[in-house]
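The structure under discussion appears below in the form of structure tokens.
Just follow the structure's listing: the first ligand is 1, and inside any ligand the first atom is 1.
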Amino acid sequence: MTITPARPTTSTEVDSPPIVFPDTVAFRGFFAPVRIEADVYDLEVEGSIPKDLNGSFYRVAADAQYPPSHENDIYINGDGMVTMVRFEKGHADLRTRFVRTQRFEQERAARRSLFGAYRNVFTDDPRVAGIDDGNANTALVWHAGKLLALKEAARPYELDPVTLETRGIYDFNGQLKSRTFTAHPKVDPVTGQLIAFAYNSSGRPDEDVLLFDIAPTGEITREQRFRAPYSSMMHDWLVTREHVIFTFSPMISDWERMKDEPQYFMWDPPKGTYVAVIPREEGVAGIRWFSSPTVMETHSLNAYSEGDIVTADHFIANSGWFSQFPKTTVGPMREAPPFPKRWKLDLRQGSSSWDSATASYTETALFDCPGDMPRVDPRILMSKNRHSWVGALDLGLGPMPDFGPMGPPFNCLVHFDDHTGARTRFYPGPDSAPEEPVFVPKGPDAAEGEGYLISVVSRRLLNRNDIVILDATDLAAGPIATLKVPFRLRYAFHGTWIPAAELENV
Ligand code: V55
Ligand code: FE
């Protein structure tokens, strides 16, 4: 492992504080910042890496270059740290790099944190007034030959997919006027488009939502705007071949409140939940609204349209996201875990405005186990799928790994077969927690689900991570290969895969 030496600073700062991280759940133990930019050529491997696994796996974590400027900083406010594993001929080479955001560079020059609470400009150091606060820590998307590191609070950063060098803020060649861009755009596997949205696009709380169609060439071919019931966290969504579906949940942001309350989002259950379905072709003029009990979508599996019926599979929680945003308008509440649900929405029953919505959806359980971080085969996204993979928490499996800064960990990965209803799982052992599984098709012509599942597993007692490669439709068989990471990786959110053929000529 080589550690990149810090560049000599050009700062004339003399009062930068000592480097001491707070003793809170976001910064201690297995979840302490890692801050290592590493290159490990040829990871040690148990088992053998399939020879047809040829390409790069990426995942992005929130790390922390500097201790936060305030004690109660939340995990999701950290600096984007990307892990890349290049697979080739049965070998795996690992690289980790911080995303060189404007925020990262400013803070490095000052040798301290300058940005304050998550998305709250009133808590920032005056020295960074007007500087982009994007930390590129949530997800990675590969589209139009560009690898983008995403944070829903800001615009994307472009990375070199081979070296992980940061190329800078990416505004789609000047076409993206929004100050923000979702961390969960969806690549349409049929048209090659990137379907995306932005909320709080003015850079502060507002009720407008922007919708983008982005061509396979990276050109924004359509931008639309509609009004949300309120300004709230819009993290994930669903896209079918014909519709997009938003679940609005009352994780409310409010500009006036931010002036004396650092927490950007506050769970305000009386404001309720609404679901919007928008036809992709007709656009926002055809919006249909539905009512809902007060719930929150954490992440989506997949959705599909059949005539007037839209089927939406996603993880739904009966509470807000209190592990990050504990204050609510109704006093202390306990966070409820997300469960995988199937909603069926009948478009004939929807209303043209949210405040006149009366009809709801029907809900069934996909299976009865809390979880999140779902994946389907990317080649089947937006159409009816058979296979899905999720991180899950099965209390029957044995002792639980400790809670981390994101709440309860997963203790297994689950494969769900929608044709048979069968569930199989990979259990990594008692001190271990797997992260979001990333599916890699065996090849362009492989059947749906035929391929590998890659997941980073924390080995809590060993203070390091493994990366497991599983047969995607035979999780119970255990890893085909286990890559030994000789140090600890900070817990990540989302990842992606780029086939080797697409990494040529970048
Ligand atoms: C989420 C994650 C974020 C964020 C907002 O998983 C929502 C949900 C990692 O950053 O800024
Ligand atoms: Fe997410």
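Using a 4.0 Å cut-off between charged nitrogen and carboxylate oxygen, Asp417 and Arg386 count as a salt-bridge pair. Between Arg167 and Asp160 a salt bridge is recorded (basic side-chain N to carboxylate O distance below 4.0 Å). Comment: Asp394 does not engage Arg423 in a salt bridge, judged by the lack of any side-chain N to carboxylate O separation of less than 4.0 angstrom. Ionic pairing of Lys341 and Asp313 is not present here: no N-O contact between side-chain nitrogen and carboxylate oxygen is shorter than 4.0 angstrom.
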Provide, line by line, the atom pairs where ligand 1 and the protein bring an N/O atom each to a distance under 3.5 Å; else say none.
unit_1: ligand 1; atom_1: 6 (O); unit_2: His235; atom_2: NE2; d: 3.2
unit_1: ligand 1; atom_1: 10 (O); unit_2: Thr138; atom_2: OG1; d: 3.2
unit_1: ligand 1; atom_1: 10 (O); unit_2: Lys151; atom_2: NZ; d: 2.8
unit_1: ligand 1; atom_1: 11 (O); unit_2: Tyr118; atom_2: OH; d: 2.7
unit_1: ligand 1; atom_1: 11 (O); unit_2: Lys151; atom_2: NZ; d: 2.7

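Using cut-offs of 30° and 60° on the angle between ring planes, the pair Phe172 and Phe181 is tilted.
When rounded to 10 degrees, the angle formed at the Fe ion (ligand 2) by NE2 (His494) and NE2 (His299) equals 100°.
Applying side-chain hydrogen bond (donor to acceptor under 3.5 Å, both in side chains) to His494 and the options His299, Arg59, Glu435 leaves one that passes, His299. Screening Phe290, Tyr199, Trp289 for a ring pair (Phe, Tyr, Trp, His ring centres under 6.0 Å) involving Phe248 leaves a single residue, Trp289.
Counting just the N/O/S atoms of His235, the one with the shortest distance to the Fe ion (ligand 2) is named NE2.
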